[in-house]
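Chain A is the first sequence line, chain B the second, and so forth, proteins listed ahead of strands; every chain is numbered from 1.
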Protein chains: 2
Amino acid sequence: MDKKLLLLGLLRNGSMHGYQLNEFIESTLATCVQIKRPTAYYVLNKMKADGWVHETQQQEGNRPPRHVYGITSAGEAAFQELLRQNLAEYTSAQFSGDVGLAFLDELPAVEGLALLQKRRDALQAHLTATQSIPPHPGSLQLTIEHQIRHLTAELIWLDEVMAQISLDSGV
Amino acid sequence: MDKKLLLLGLLRNGSMHGYQLNEFIESTLATCVQIKRPTAYYVLNKMKADGWVHETQQQEGNRPPRHVYGITSAGEAAFQELLRQNLAEYTSAQFSGDVGLAFLDELPAVEGLALLQKRRDALQAHLTATQSIPPHPGSLQLTIEHQIRHLTAELIWLDEVMAQISLDSGV
DNA sequence: ACTTGATTAGTCAATTTTGACTAATCAAGT
DNA sequence: ACTTGATTAGTCAAAATTGACTAATCAAGT
């Protein structure tokens with residue numbers, strides 16, 4: 001559902017062809033939704049079948065024809081509906097990294113610490129990258145700030161976990 | 001990959017049949033991984049094909065036969081590998097709720113606030129539920145603490161967002 | 001003019017995921 | 001003894017997702 005909302009929202013300020021949409025998502029929205037190229041095309045076609053978007057072929061030179069998608073009035077109505085639904089509900093995030101943590105005590109403390117240090121480096125790099133995203137207009141900026149807030153908290157927490165392991169193992 | 005790690009980790013302390021595994025995951029681990037019943041069976045069969053787990057049929061009365069899964073030594077090796085991999089990497093969480101936030105400015109402030117208040121209620125309920133999970137043994141407890149830490153931060157952040165909207169719209 | 005590598009655009013087969021269903025057993029009220 | 005509803009266990013078809021591929025255009029060095 002969130003993928004439909006995202007695509008509709010982007011189409012609201014102008015028709016776009018598939019590649020543009022994917023470009024935009026990958027470059028500026030990868031922070032909040034995970035949507036690969038083939039998935040975007042799949043969802044667009046689905047919404048076309050539902051009459052939420054319309055598609056026009058556009059020939060340019062003799063490249064393969066481009067599929068330009070635009071939002072219909074039914075699509076606009078769906079956007080309004082999906083937006084309200086999304087805002088009103090809380091969807092919990094999944095932390096797949098927690099699976100490893102759940103079994104951390106199967107490993108010698110020293111090894112666990114070394115592995116978590118690598119995780120910490122990756123997390124730090126991710127945070128730095130997010131902090132250097134240039135400001136976005138309007139409430140899009142909220143999502144970036146949310147991400148930074150979250151990553152900062154994760155870093156603090158990871159440091160605490162590592163400190164605790166150090167203490168417990170008496171290093 | 002995280003699903004395989006999770007299932008292998010559970011099988012390490014004793015063979016289980018499919019339903020038991022799902023039961024355990026849904027009741028105590030839904031916090032970190034999202035894995036529905038049919039998916040668990042799918043992954044178990046996959047790992048059986050790879051020789052990571054073995055399956056024995058167990059007839060009991062004339063119920064449908066139960067498939068009891070146990071970990072093999074190849075599975076144990078895979079577990080060791082996957083655990084180290086998981087611990088060493090950082091996998092960013094997806095916040096699908098951010099998609100709605102990105103388009104928050106399409107709505108009148110008052111309506112946005114009302115919707116976010118519902119989200120806040122749901123979040124608060126989720127936090128309370130998580131806080132009342134009884135303590136788990138070993139490092140499993142880490143995942144619960146992580147979740148609580150995260151949900152608490154989310155609540156604070158949401159409050160800040162709502163306060164900011166109130167200010168901006170001059171309520 | 002021509003190879004090489006990047007960019008643009010999209011497709012397809014294979015994998016992964018899940019909602020909805022089936023079917024047996026058990027508990028317990030009548 | 002017998003319906004009713006919960007619990008246990010698993011399957012299956014349909015939907016969603018993605019890695020790997022194709023294929024044209026463009027840039028730019030030689």
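Within the structure, the side chain to side chain donor-acceptor pair (under 3.5 Å) test picks out the following pairs touching residues 34-48 of chain B (sequence neighbours left out): K48(B)-E55(B). Contacts classified as salt bridge (charged side-chain N to carboxylate O under 4.0 Å, His left out) and involving residues 90-113 of chain B (residues at least two apart or in different chains) are given here: R12(A)-E106(B), R84(A)-E111(B).
In this structure, N22(B) places its CG atom 14 Å from C1' of dT7(D), rounding to the nearest Å. Per the geometry, CG belonging to L44(B) stands 14 Å off P belonging to dT16(C), to the nearest Å. Atom pair N45(B):CG and dT15(C):P shows a separation of 15 Å (rounding to whole Å applied). L21(B) places its CG atom 14 Å from the P atom of dT8(D), with the value rounded to the nearest Å. Across the protein-nucleic acid pair, H67(B) atom NE2 and dT8(D) atom P stand 18 Å apart, rounded to whole Å. Rounded to an integer number of Å, the gap from CE of M1(B) to C1' of dT15(C) is 12 Å. In this entry the distance linking NZ of K46(A) with P of dA14(D) reads 14 Å, nearest Å. Computed from coordinates, the Q20(B) CD to dG10(D) C1' distance equals 14 Å when rounded to whole Å.
Residues of residues 82-96 of chain B that place a heavy atom closer than 4.0 Å to DNA chain C do not occur. Annotation: proximity of residues 33-43 of chain B to DNA chain D (heavy atom, distance under 4.0 Å) is found for R37(B), P38(B), Y41(B), numbered in ascending order.
In this structure, CG in L155(B) is found 12.0 Å from NE2 in H126(B), a value given to the nearest 0.5 Å.
A residue-by-residue look at E23(B) and Y69(B) shows that E23(B) has its nearest nucleotide of DNA chain D further toward the 5' end.
Applying the 4.0 Å criterion to OP1 and OP2 of dA16(D), one finds that K3(A) has every side-chain N and O outside that range.
Listed here is the closest heavy atom pair of P134(B) and I144(B): O-CD1, 4.4 Å.
In this model, a donor atom of one side chain and an acceptor atom of the other lie less than 3.5 Å apart for Q80(B) and E76(B). Side-chain contact of E154(B) with H150(A): a donor-acceptor pair under 3.5 Å is absent, judged by distance alone.
Heavy atoms from other residues, nucleotides or ligands lying under 6.0 Å from CD of E81(A) number 12 at most.
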Between V53(A) and L7(A), does a side-chain contact (heavy atoms from CB on, under 4.5 Å) hold up when you go through it step by step?
-> CA-CA 10 Å; V53(A) 302; L7(A) 290 173; over 6 Å; no
Could you check S169(A) against V110(A) for side-chain contact (heavy atoms from CB on, under 4.5 Å), going step by step and ending with a plain yes or no?
-> CA-CA 8 Å; S169(A) 70; V110(A) 185; 5.8 Å; no
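Among the candidates L107(A), L104(A), V99(A), the single residue satisfying the side chain to side chain contact (heavy atoms under 4.5 Å, CB included) test with L83(B) is L107(A).
Residues passing the ring pair (Phe, Tyr, Trp, His ring centres under 6.0 Å) test with F79(A), sequence neighbours excluded: F103(B).
In DNA chain C, runs of at least 3 stacked Watson-Crick or G-U pairs (N1-N3 plus N6-O4 or O6-N4, or N1-O2 plus O6-N3, all under 3.5 Å) give these stems: C:1-30 with D:1-30.
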